[in-house]
Every structure is written in C-alpha cells, then in structure tokens.
Amino acid sequence: MEKTFQPADIETRWYQQWESQGYFAPRGGERAYCIMIPPPNVTGSLHMGHGFQEAIMDALIRYHRMRGDNTLWQVGTDHAGIATQMVVERQLEAQGLSRHDLGREKFLEKVWEWKEQSGGTITRQLRRLGSSLDWSRERFTMDPGLSEAVQEVFIRLYREGLIYRGKRLVNWDPALHTAISDLEVIQEEEQGHLWHFDYPLAGGEGHLTVATTRPETMLGDTAVAVHPEDERYQHLIGRMVKLPLTDREIPVIADDYVDREFGTGVVKITPAHDFNDYEMGRRHGLPMINILDDDAAINDQAPAAYRGLDRFEARKRVVADLEAQGLLAGIEAHSLRVPRGDRSGVVIEPYLTDQWYVDARELAKPAIAAVENRAIQFVPKQWENTYFAWMRDIQDWCISRQLWWGHRIPAWYDEQGNFYVASSEAAVRAEHGLGDDIALRQDEDVLDTWFSSALWTFSTLGWPQDTEELATFHPTSVLVTGFDIIFFWVARMIMMTLHFRQEVPFHTVYVHGLVRDAEGQKMSKSKGNVLDPIDLIDGIDLESLVAKRTAGLMQPQLAARIERATREQFPDGIAPYGTDALRFTYFSLASTGRDIRFDIGRIEGYRNFCNKIWNAARYVLMNCDGQDCGSGADAAVELSLADRWIRSKLAATTAEVHRAIAQYRFDLASQALYEFVWNEYCDWYLELSKPVLWDDTASAAAQRGTRQTLISVLETTLRLLHPFMPFITEEIWQTVAPIAGKNGPTIMLQPYPEGGDKDVDTVANADIEWVKGVVLGVRNIRGEMNIPPGKAVPILLRNGDERDRERLRDNTQFLRKLARLESADWLEAGDTAPVAATALVGELEILVPMAGLIDREAELARLSREIDKLEKDLARVQGKLGNPAFVAKAPAAVVAKEQEKMQAQQQALATLQEQARNIGQL
RNA sequence: AGGACUAUAGCUCAGUUGGUUAGAGCGCUACCUUGACAUGGUAGAGGUCCCCAGUUCGAAUCUGGGUAGUCCUACCA
C-alpha cells in the first residue's frame, strides 16, 4: 500500500467496475426502496448544491441496498424549457441568427444537437461523485414514453375540466416572449419614483390628482377610483375625467380597494396592465385597453405619438408631455417591488393573453389532506407549514409557454377559433367528425417544464402503461430536495400523482439546506462564487479557476471583480481532495439548518480522515496479512480487555449510525463514524494492540484474538462507512475482507452491519476508561512538566481499592506502553511517599516522583490551577445542595448524584491541597 | 404588513424529554520524526450560550418582550 491515500488512482476504476457489473440495478427482494433523482437540467452542469444532494441520496441508496432492500435509484434529466432554449438562442445570436430565421423545426434540431453534445456533462459529474444510479433506466423528460404521459395527463385534465383556456393577465417576459408562472417572477425592492398627475374633470371644474409608479400605463387607463366613503371625492363618483394625452374620457368609480391614506387617495385604473386594476376592471365592467405589444413597446391602441416606443422611452415621453401641459403635479422618490423574470432578469409586464391554466385549487385539496394525515411527511417537519401556507392559497397555474422547446400542447384550432384537445390531429378529426376540408392548426405553445416534472415519479416507471416497476417501486420512499422548490416541484408532484395514481408520490420529503459559499452568499454564476464539485475532487489551478468563473458571463463587466475575489480566496487554486473527502464533508454539514456554508477548510480535515483510515488499514494489514487471525474454527482465541472494548464501541457506533440515518441526520452519522475511527480505533485500540502483538511472551491465543479483532473491526467499519465513502472503503475492503474471512466481489453488496446497543460491554468500557484515566493522568504530568516523551517514568499508586489493584494487575502491559512507564508500584499504608507530582483517577492517586524530573514551581502552578477549578465546581455543587428547596423538590436521583459529586470533589480537593502543602514546604 | 427561521469558542457547527465540568472539526500555543499515518502524535489555551424579564429547586434548553440577521408570503397605486 502507498504511504498516503491517493484517491485519483482508485475512484474511476471502481466506478467503472461497479457500473459494468450491473451492481446499481435493483436486485429483487421483499422490501422495495426507491428514490427518484430530482432531474437536473440536461444541458447544465452540477454545482455544489447538486453534489450535496446527490451525496445524501447515494448514502441512503447504498445503505438500503446493503441492507438487502430491492433498491432503485432512478436517474434522469429535465429538458428545462426556458433555460435550454435561451442557451441555444444565444448561440444562434452569436452567428447573427434568430430562431425565427431557422424556423421551428430547424431550431428544434439545433436544440437536440446541443442536448446530445452537452448532455454528457451532468452524467459524467454524477459518476464522479460515486452516485450509484441505475443507468440502465435513464430517462429524459422529452423521451417518447414521458411525452406520452404528459399528453395523457393534459388530455385527461382537460376532459375533467381541470385544464382550461382563458384570456387573462399573465406575467409576460418581454425578452423571452413568453408567459411565466407566478413562481418564476422575483419581486425585489428597488428605488423608483411616484409621479403625481392631474386629470382634469370633464366639466372643466378642476381636476383629480392621481399617483403612479408607471406613468406610461396611463395611456391604457379606463377609470380613476376613489374610496366610496372618502368625503373629499364622494361628489365626483360617477363623473367623468379627461384622460390627458388621449381623447378619451373615463369615469370616476368607487371601490373600497382604494387606500384613502396613500398618495392622494385617487388611483388610476389600467385593467390590462395591472393585476389589481384587472380585478377592479372586472368588478366594474371597465373596458380593458392593451397598449403594449409582445416586446412591451407601445402598440396601435395608444395615441399615435407613442406608438412603437419602448415602455421606458414611452415613460419619459409621457412624463415630459404631461409636464409640458402643466399636469405634472409632482415627483417623489419611492421604493417599490419590481417584478423581474428569474431567467431573463427583465421587468415583467402584466399582459393580457390567451393561456392554458390548471385548476390548482381543485387538485390541491387531496394534496393538502395527504400531508395532514401523515401519508406524506416532511423532514424537518416545519416545512409542512410552508407547504400548507402555499397550498391553501394556491392560484391557478399558467402552464402554457410561448416557446418552441418543450411538450407541445395537444390542442388544434379551426379557422373559426374553435379548439379541440386530443392526442393528434387525426384523433381530433375522428372524435369531432371534422373532414379534411376543414383546416386545423396545432397550438403553437408548449407546456411549462414543471408540468412534465410533476409526473416524474410515475412517468419514469412506465405510466400510463401498467408496468411491474410501477407496482414495485411506486409510491417511492423518499424525495430529497431543497426547500426552494417545494412549490415548483414537490407540491405539483403531490397534486398530479394523487390525481392520476390515487396514491402519494413518496412517503417522506427530506428537505435539506442550500449550499452557500464561505461568506454565506448564495452561489451564482454572476457572483462568480460557484464551485464545481469536480474541482474539489480533482483540484484545479488558480488560472483555470479564474478562467472558468469569468467565462460566458451575462454581465462581462463583473469579470474583474470576480477574478480579484477568486485570486484572494484561492491564491493557490484548489488542491485535489478526492470524492470520499468531499462526500464526507457534505455529510458533516447536513444538519437541520437552512443554510450550509461550505468552507474549504473543512474538506481538508476529511481528506486527512481518509488518510487516517488508509494508514490504519496499512497497520492492520502489516500485522495480519499472512498471519494467523483466528479465522480457523478450532484455534483458541483469547480476547483482551482492549479487544472486548473496541468491539463494544463498534457496536455502539453501529447503533448510532442507524439511528442517525433513520432521522436523516447525516451530520450525526458522520460524526459518530469519525469519532469512532479516529478517537477510539486509531488513537487507542491500535496502540493497545501493540503491546500484545509485539510481546514475544504473549500467548498465541491472545495474539490471535487481537489480530482477529483488528481485522474484523476494520472490515465491519469499512462496511459501516461505505455508504458515505464508497471508494476508499471498496479499495481497502478488497484486501481486508479475505483476511477477515469474508468473500464477495464488492463491498457494495455486502450486508450492512446490524446489531448495536445489545452488544455493548459496559464492564469493558469502564475498565478501559480506567486505563485511559491513568494514562491521561501521567501524560498530563509529562506534558506540563516537559518530561521528554522518550523518557520512561516510574509511578507509584496510593489509596486505591481492590478493583484498582485488579485493574493494574490486568493492564500493566497496556499502561507501560501507552504512558511509557518504567514501573508501577503500590504504596502501602506504612510507606512514606516521595515528593511527587500527583494525578487522580477517582480516589486513586498516581504519583510521579519528582526527583530529577519535575520542577517544583511548575508542579505548584499546575496544582493550583487544578485546585482553583475544583474549588469553583465544588462551590457550585455545595450551593445547590445547600438550597433546601433543591433537596426537597428535585428528584432523589439528581440529589444523590450531586451529593456523590460533592464528596468526590471534596476528596480530590483535599488530596491536591495536601500535595500542594507538601511540595510547598520543600 | 404577516409568517418562518437563526443567534453557543477566533471560524463553521452539534447540543435529544430542562439536571453536562457546555462539546466537535478547523484555527491557535508548546513539545515531539517513537517501527500505520507530519494529510501525524502528545499536552494546552480559548465560552457572560445575543440582551432583558418570567416559569422552575434548577434554563444554552421552556414562556414573553427586545436587538441583529436571513428567508418566504402579501394588491398599497
């Protein structure tokens, strides 16, 4: 074995081996366990958040696979309508082309080409992360099967009246030329202005002053509104005002939506360009005048002077023209929430168009019930509140998108504007008796990407066919996801699955935190703080990292700042840490919090942990390979105290890991494993094995017992670790397993260690604690007195009981080695003690004679520190026990414990004080 | 405006149903190449558990109020 762990050599080799042997596929069995991968964008690439999520899913999958469950991790990717179309359009733009130049068919060919070309990135990354996905079942949301599912769902919902077509105000993205759903709009506070305009009364007897943040919309005003009880304006209700810049007159209406306190208490109403005004317009039967075109430029409904102007240009002109007419009553600074498209970043327009909608309210009812009655449980539970809050106030879902890339809506129109929904044009003709003489054209629009991903849990398993996979794996076991897509995806999956399968899509939703950078900032391309998990695995030099972060920016002017920050944060680039270290870092961060700060410092610690495991294995193999490890049935095997103790610790750790996984506390699981491997197995057990193995006089049975324990505990630990660190455990296991008497082609399919608490040996634990106590006591004196580590010291023991004497007898060899003792002898009652430094293990005193070793002043200082600490603690305990209310009211066991504590402390204090006196008198 | 979450060592975070000497990793200090490992070992320093009040024999933990931060939802033009 190499002296240090070299991950790069082994990872790819093992992954290829596993995949080619078909180990990732379900293997049958009683209990099914299934996770659906949240499908990543097929043309995208994985970031740290994905890496985190994949690691968690893989740990769960490997854990259940090893436990013998019929385990499926379904892999697949999403066509990501808007994002993908945008990328390809930008590529065309570079050649001076638009998608319209190519036409729909040619354009789609280009998108498919791009998908083929870039689609490998994601799957390559997934493999590098060690994800044990069943690649033989890979799916894509635009596969024929999944497309069939999408069409089936659309048609059925339409026929059930749960999908309808309607002219409504939608969120229009003027850059992407498509409607988007409420969820795809980001509202952010921005600085703007509030303009006050005077609208003259038609009778010429004055004016009303309105306030607006969007002056250009006044061209589409069809009323002004006041509060019905507002005394200032009551007499004007029903009168007309002249709408400036136009030749129209519009009514003054009353509506209690109007806030009397805000602005002048008069609101201009533009039903075609504002969601509230739209509602009010409907209540009052106002006309709706659309003054914008698809680019959000002013259209022909507006006065000629403004036609063709961009909305922001039009705003300037409107303000200027009103000012010229003396109707601008004032401008004030005003902060408002501006809606922007989450993809394009441009200001979204409420825009009146024909769109398709899903009646979400109806579908939400059973979806709410499923969580209420615990058929679906969120972990952590608090996310259920988020889910309920949204579901109980859900709005209809606009599912049509004016894109080309996606599932085309299965609806056909005739010349009269009638439309028909069916699986194909032929089906429409057949079902509605339409002859070939009637021209039909299919709806140009496609469906929201989330519409197809809402079907993901069952469409990937073959629905609408009745497949065996559906029967076996659906409902799936758990969904692992971030809270940011509870609305987008989780809720919609629950609604759709319940409706079409009459069962839940999954029993549990495990909601993990979002990975952020070391400063707590969200990772984003434009901030230039994204990390590619592969760069942490393989390492990357600074120049490549800078190049990667500054390439293809939407806002190239940010490049300089990103470069500077990157050079500052990673002056030497990123070292290669390997997949196992990265994964273990993820697990250690997977607590219940919402934000996960990824600090590069932590991964280094876990790389060291890998190396620790590697070297522990090296030690074990050096001592066990080719030796008698007691695997022969008849050979006598004798277990030492240390052997029994480490087996006991392993059992306790096993139990803890099972508990932690059951609660999705991967941080606790990883901590328990780290602690066991490093602080128990390596720090103590390997050291305790040395005196046995290196003792020529030790019995063969004892050496056999120790070798057997070394190798079997290591072998079990590797299996325990495997779901978290798949590569290093496989690599070592291949060598270790045969020596431990285990056979099999791979650790992946070995049974996961079971058992646990019942195998804990409390006697062995207590005895080793005693040994540790003595060793630590001596080491402490050594450390503080600067006794050279190589120097063996004699110790004397005093005031111990029979048990202490027994323990010393049994463990002299351990103590000699670990504390580097020259000798250990009892001081009997009549003996006079030499001047010595003292350590306490309970009532037992350990004396290290000072002659030639120990500095008087240093020992006095050390003692006085110890005494100080004890006095403080004692005062607290005495205070407690001195409180009659405590003694009277606290449970007897608690009081007894405090009393014991007090006595122990008093005793220890007395001993140390006497020591201090003795030394002080010298 | 409403709601949620967070506040513990220099940093990143654990801390179960109230009873611990409040823990871990990283970082820091001193010493050490001893036959698995310097990606290491040994010892050590470091905390007013955000603040105030309350409940309780007892509060990092429960309640109320505040402060700071993050996020979500909402129609103030």
Side-chain angles (χ1 to χ4, degrees), chain A residues 1 3-5 187 194-195 210-214 217 225 257-259 261-270 274-280 334 336-337 382-383 385-386 389-390 393 483-484 486-487 514 518 520 575 577 581 585 588-589 591-599 601-602 604-623 659 663 665 667-668 671 674-675 679 682-683 686-687 690 694 776 779-790 820 869-870 872-873 876-877 880 883-891 893-895 897-898 901 905:
Chain A
M1 283 176 90
K3 203 173 168 185
T4 53
F5 175 53
Q187 310 262 5
L194 192 59
W195 285 270
V210 300
T212 181
T213 53
R214 304 182 54 209
T217 63
Y257 155 76
V258 178
D259 180 353
E261 310 300 318
F262 188 89
T264 57
V266 187
V267 192
K268 60 187 270 313
I269 304 300
T270 323
D274 182 282
F275 287 99
N276 303 310
D277 293 4
Y278 178 78
E279 290 305 319
M280 203 185 296
H334 182 68
L336 70 162
R337 295 176 69 91
Q382 36 150 344
W383 292 109
N385 294 331
T386 308
W390 189 68
D393 188 35
F483 60 83
D484 52 333
I486 290 179
F487 305 146
L514 260 38
Y577 296 107
T585 309
S588 72
L589 296 170
S591 61
T592 55
R594 246 182 19 180
D595 297 327
I596 294 159
R597 288 191 188 211
F598 191 89
D599 187 346
R602 290 200 65 161
E604 192 176 327
Y606 293 111
R607 189 227 13 216
N608 297 351
F609 180 52
C610 290
N611 191 56
K612 193 74 180 175
I613 296 169
W614 186 258
N615 276 287
R618 243 160 57 91
Y619 169 81
V620 172
L621 289 171
M622 284 165 91
N623 286 287
R659 266 196 298 275
Q663 299 169 89
R665 288 298 304 270
D667 59 327
L668 299 181
Q671 205 190 333
Y674 185 99
E675 161 100 17
N679 303 123
C682 291
D683 283 354
L686 295 191
E687 296 308 318
K690 289 173 184 175
W694 296 353
L776 291 173
R779 279 183 185 168
N780 176 271
I781 291 169
R782 272 181 178 286
E784 302 238 357
M785 296 303 129
N786 281 321
I787 299 173
R820 192 129 190 135
K869 206 156 77 177
L870 267 174
K872 251 192 245 161
D873 289 343
R876 185 163 41 210
V877 175
K880 246 184 193 182
N883 178 357
F886 172 73
V887 180
K889 293 191 178 173
V894 174
V895 177
K897 202 169 135 194
E898 291 296 322
K901 201 190 289 177
Q905 282 171 347

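Chain naming here is simple, since letters A, B, ... match the order of the sequence lines and numbering starts at 1 in each. The figures that follow rest on heavy atoms only: side chains count, while hydrogens, waters and symmetry mates do not.
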Residue mapping more 5' on RNA chain B - nearest nucleotide basis, A:S591 or A:N883: A:S591
Does [N] have a Watson-Crick or wobble mate here (both distances under 3.5 Å), and if so which one?
{"N": "B:C76", "value": "none"}
{"N": "B:A24", "value": "B:U12"}
{"N": "B:A68", "value": "B:U6"}
{"N": "B:G54", "value": "B:C62"}

Below 4.0 angstrom from OP1 or OP2 of [N], is there any side-chain N or O of [X]?
{"X": "A:K901", "N": "B:U21", "result": "yes"}
{"X": "A:N385", "N": "B:G3", "result": "no"}
{"X": "A:R782", "N": "B:A30", "result": "no"}
{"X": "A:H334", "N": "B:C76", "result": "no"}

Nucleotide of [options] approaching [X] most closely (side-chain heavy atoms):
{"X": "A:R337", "options": "B:C11, B:A74, B:A77", "result": "B:A74"}
{"X": "A:P891", "options": "B:U20, B:C57, B:C72", "result": "B:C57"}
{"X": "A:A211", "options": "B:G19, B:C5, B:A77", "result": "B:A77"}
{"X": "A:R594", "options": "B:C71, B:C57, B:G44", "result": "B:C71"}
{"X": "A:N780", "options": "B:A43, B:C57, B:U21", "result": "B:A43"}

So, A:Y606 versus A:Y674, ring centres under 6.0 angstrom or not? yes
Separation between the [atom1] atoms of [N] and [M], rounded to whole Å:
{"N": "B:U61", "M": "B:A14", "atom1": "C1'", "result": "14 Å"}
{"N": "B:A4", "M": "B:C49", "atom1": "C1'", "result": "23 Å"}
{"N": "B:C50", "M": "B:A43", "atom1": "C1'", "result": "34 Å"}
{"N": "B:U34", "M": "B:C28", "atom1": "P", "result": "24 Å"}
{"N": "B:C62", "M": "B:G23", "atom1": "C1'", "result": "22 Å"}
{"N": "B:U20", "M": "B:G54", "atom1": "P", "result": "22 Å"}
{"N": "B:U48", "M": "B:A22", "atom1": "P", "result": "13 Å"}
{"N": "B:G44", "M": "B:A7", "atom1": "C1'", "result": "29 Å"}

For atom [atom1] of [X] and atom [atom2] of [N], their distance in whole Å:
{"X": "A:R214", "N": "B:C76", "atom1": "CZ", "atom2": "C1'", "value": "15 Å"}
{"X": "A:R876", "N": "B:A22", "atom1": "CZ", "atom2": "C1'", "value": "10 Å"}
{"X": "A:Y278", "N": "B:C76", "atom1": "OH", "atom2": "P", "value": "19 Å"}
{"X": "A:L336", "N": "B:A74", "atom1": "CG", "atom2": "P", "value": "16 Å"}
{"X": "A:D393", "N": "B:U73", "atom1": "CG", "atom2": "P", "value": "12 Å"}
{"X": "A:D484", "N": "B:U70", "atom1": "CG", "atom2": "C1'", "value": "15 Å"}
{"X": "A:Q187", "N": "B:A1", "atom1": "CD", "atom2": "P", "value": "18 Å"}
{"X": "A:R665", "N": "B:G15", "atom1": "CZ", "atom2": "P", "value": "5 Å"}

If you measure from [atom1] on [X] to [atom2] on [Y], what distance do you get to the nearest 0.5 Å?
{"X": "A:N611", "Y": "A:K3", "atom1": "CG", "atom2": "NZ", "value": "10.5 Å"}
{"X": "A:T585", "Y": "A:I596", "atom1": "OG1", "atom2": "CD1", "value": "12.5 Å"}
{"X": "A:K880", "Y": "A:K901", "atom1": "NZ", "atom2": "NZ", "value": "5.5 Å"}
{"X": "A:K612", "Y": "A:F5", "atom1": "NZ", "atom2": "CZ", "value": "15.5 Å"}

Reckon [X] touches a base, only the sugar-phosphate, or nothing at all at heavy-atom distances under 4.0 Å?
{"X": "A:R659", "value": "nothing"}
{"X": "A:Y674", "value": "sugar-phosphate"}
{"X": "A:P788", "value": "nothing"}
{"X": "A:D259", "value": "base"}
{"X": "A:R597", "value": "sugar-phosphate"}
{"X": "A:L776", "value": "sugar-phosphate"}

For the residue pair [X] and [Y], establish whether any side-chain heavy-atom pair is separated by less than 4.5 Å.
{"X": "A:T592", "Y": "A:R665", "result": "yes"}
{"X": "A:N615", "Y": "A:Y619", "result": "no"}
{"X": "A:Y257", "Y": "A:E279", "result": "no"}
{"X": "A:F886", "Y": "A:V894", "result": "yes"}

Using the six-membered ring wherever Trp is involved, compare the ring planes of A:F487 and A:W390 and label them parallel, tilted or perpendicular (cut-offs 30° and 60°). parallel
Once each nucleotide of nucleotides 33-41 of chain B is scored for protein heavy atoms under 4.0 Å, what B/S/- sequence comes out, 5' to 3'? --BBBSBSS
